[in-house]
Amino acid sequence: MPLCLSYLPIGVACGILLHAAGMNFVLTFLISIMVFSGGAQFILASLLVIDAPISTIFMTLFFLELRYALLGSSLSKYFRSSSQKFVLLFSASMNDENYAVNYLKFATDKKWTPQDALMVEHYSLISWASGNLIGGLIGSTVTIDLEIVDFALTALFIYMIVMQMRSHLSLIICLTSTALSLFFLTLTKSTLGIIIATLIASLIGFVIEDWVRKHSKDPKNAWVLKRLFRPAMTRHTVEDRQMLSEKKAQQAAQVEAANDSGEE
C-alpha cells in the first residue's frame, strides 16, 4: 500500500507531462502499462518535447532499461520452480520499486512466494496506470512543478539504495558508482553516462569480491564483505539464517568428533 500510494502523485505528474508532450489519455494509459517505468516515461516525454528522432528515443530507452537484466538475474534464484510462462508474466511488470519490495521480502520472509511477488507487481501497475490516466485526463487544466516530482523520485531511489546496503563492499560500490556517474554524465552529457558508470561499477564490485573470495582465508569475515549495520527488519535474512544453521551444524559436528576422540 505505501508503494501504491506513492505511485499515484508521481503517476499523475507523469501523465500531465506526457499530455504536454502531445499524447492523449489513451496513449498515456497504454504507455504506462506497456513501459511501466517512471524514469523511462519521464525521459520519453522530454525527448518528444524536443522532437528527438525515433532512433534516439529507442536507443536511449533501451540502454536505460537494460538495468532490468541485472535486477532480474538477482531474483532468478527465487523462480527456479516457476514455469517459463509465469516468469515471462512477472518480468513484463517488474520495475525498480516493486523489485526492491520483492527482493526484500524474498530475503527476509521464507513464506513469501512468487505469486505474492506477482501480486505486488500487479497492484503497483494498477496504481501507476491509474495515476497516468488521471494525469492524461486533467493534463490540459492542471500544471505541476516538476521539481517536486524530481525530489520524490530521488528520495525513492535513495531509500532503495539504503535498504540494499548489506556490506562494506556495497557501500564502496555505491560511492564509486556515484562518482563515476557524475564524471560520465559530465563527459557524455546524456543518460548514456549512467549506463557506462553502472557497468564499470558492477565490474569493479565483481573483481573485488572475486579476489577476496579467492585469496582470503576467511572471506565471510573479511572487512570488505563484512555486513554493515542494518535495520532490525533486514538484519536477519533467509541467507543469514541458513548461514547460522550451517555454522551450528559444523560446531555440533566438531563437538561430536571431539567426544568420539576422547572416548577412544
Side-chain angles (χ1 to χ4, degrees), residues 1-7 10 36-39 67-83 86-87 89-128 152-175 177 198 201-202 205-206 208-209 212-213 218-252:
M1 287 306 298
L3 176 61
C4 292
L5 290 175
S6 68
Y7 268 163
I10 301 175
F36 192 28
S37 172
R67 67 187 184 279
Y68 288 120
L70 298 174
L71 300 183
S73 63
S74 67
L75 284 179
S76 61
K77 60 183 178 181
Y78 301 111
F79 293 88
R80 290 171 181 168
S81 60
S82 302
S83 65
F86 181 90
V87 173
L89 180 63
F90 181 88
S91 61
S93 52
M94 185 181 73
N95 71 353
D96 299 280
E97 293 78 26
N98 60 44
Y99 160 81
V101 172
N102 281 325
Y103 186 84
L104 183 64
K105 290 296 291 182
F106 274 124
T108 58
D109 186 356
K110 62 181 180 180
K111 295 182 180 179
W112 194 251
T113 65
Q115 287 71 23
D116 295 326
L118 184 64
M119 187 178 296
V120 170
E121 290 193 345
H122 285 175
Y123 274 122
S124 60
L125 175 58
I126 291 171
S127 178
W128 175 256
L153 287 172
T154 302
L156 191 60
F157 279 103
I158 289 175
Y159 166 78
M160 290 166 55
I161 291 173
V162 171
M163 292 303 293
Q164 294 183 65
M165 285 293 171
R166 300 185 59 189
S167 66
H168 291 100
L169 178 60
S170 61
L171 178 60
I172 293 171
I173 298 306
C174 178
L175 297 176
S177 62
T198 301
S202 300
F206 170 77
I208 293 175
E209 183 175 3
V212 171
R213 292 189 182 279
D218 188 7
K220 295 179 181 178
N221 292 320
W223 182 87
V224 175
L225 301 182
K226 189 172 290 185
R227 296 184 182 277
L228 289 169
F229 171 80
R230 291 175 290 159
M233 67 177 295
T234 63
R235 201 172 300 154
H236 299 292
T237 64
V238 173
E239 288 82 1
D240 292 334
R241 288 192 288 270
Q242 289 176 347
M243 190 183 303
L244 184 61
S245 62
E246 290 175 0
K247 187 175 181 179
K248 288 182 178 179
Q250 291 176 356
Q251 291 176 347

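- Looking at residues two or more places apart in sequence or on another chain, you find a ring-ring contact (aromatic ring centres under 6.0 Å, His included) between Phe79 and Phe90, Phe106.
- Tyr123 pairs by the side chain to side chain donor-acceptor pair (under 3.5 Å) definition with nothing, not counting sequence neighbours.
- The two residues Leu169 and Gly205 come nearest to each other via the heavy atoms CD2-O, 3.9 Å.
- Residues Leu125 and Ser93 share a closest heavy-atom pair of CD2-CB, 4.5 Å.
- Between Val212 and Ala222, the closest heavy-atom pair is CG1-CB, 3.7 Å.
- Scanning for ring-ring contact (aromatic ring centres under 6.0 Å, His included) contacts around His168 gives Trp223, with sequence neighbours left out.
- The minimum heavy-atom distance between Tyr68 and Asp96, with the atom names listed, is OH-OD2, 3.0 Å.
- The side chain to side chain donor-acceptor pair (under 3.5 Å) check on Ser74 picks up Tyr99, with sequence neighbours excluded.
- Of the inter-residue distances, the one linking Glu121 atom CD with Glu97 atom CD reads 11.5 Å to the nearest 0.5 angstrom.
- Interatomic distance, Leu3 CG to Asn102 CG, rounded to the nearest 0.5 Å: 9.5 Å.
- Asn98 contributes no side-chain N or O that, together with a main-chain N or O of Val120, makes up a donor-acceptor pair within less than 3.5 Å.
- Cys174 and Ser177 make their closest contact through O-OG, 2.8 Å (heavy atoms, listed as atom of the first residue, atom of the second, distance).
- Glu209 pairs by the salt bridge (Lys or Arg N to Asp or Glu O under 4.0 Å) definition with Arg213, not counting sequence neighbours.
- With sequence neighbours excluded, the residues forming a side-chain contact (heavy atoms from CB on, under 4.5 Å) with Ser127 are Cys4, Tyr7, Leu8, listed by chain and number.
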Item to check | Worked verdict on Ile10 versus Trp128 for side chain to side chain contact (heavy atoms under 4.5 Å, CB included) | outcome: CA-CA 8 Å; Ile10 301 175; Trp128 175 256; 3.8 Å; yes
Item to check | Met94 and Leu75: CA distance, side-chain angles, deciding distance, side chain to side chain contact (heavy atoms under 4.5 Å, CB included) verdict | outcome: CA-CA 11 Å; Met94 185 181 73; Leu75 284 179; 3.9 Å; yes
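- Applying the side chain to side chain donor-acceptor pair (under 3.5 Å) criterion to Ser202, with sequence neighbours excluded, gives no partner residue.
- Residues that satisfy the side chain to side chain donor-acceptor pair (under 3.5 Å) test with Ser76, not counting sequence neighbours, are absent from this structure.
- Ser82 pairs in a side-chain contact (heavy atoms from CB on, under 4.5 Å) with only one of the listed residues (Leu118, Leu89, Val87), which is Val87.
- Partners of Ile126 by side-chain contact (heavy atoms from CB on, under 4.5 Å), not counting sequence neighbours, listed by chain and number: Ser130.
- Listed by chain and number, the residues in a side-chain contact (heavy atoms from CB on, under 4.5 Å) with Ser83 are Lys85, Phe86 (sequence neighbours excluded).
- Scanning all heavy atoms of the two residues, the minimum distance from Ser124 to Phe36 falls at OG-CZ, 3.7 Å.
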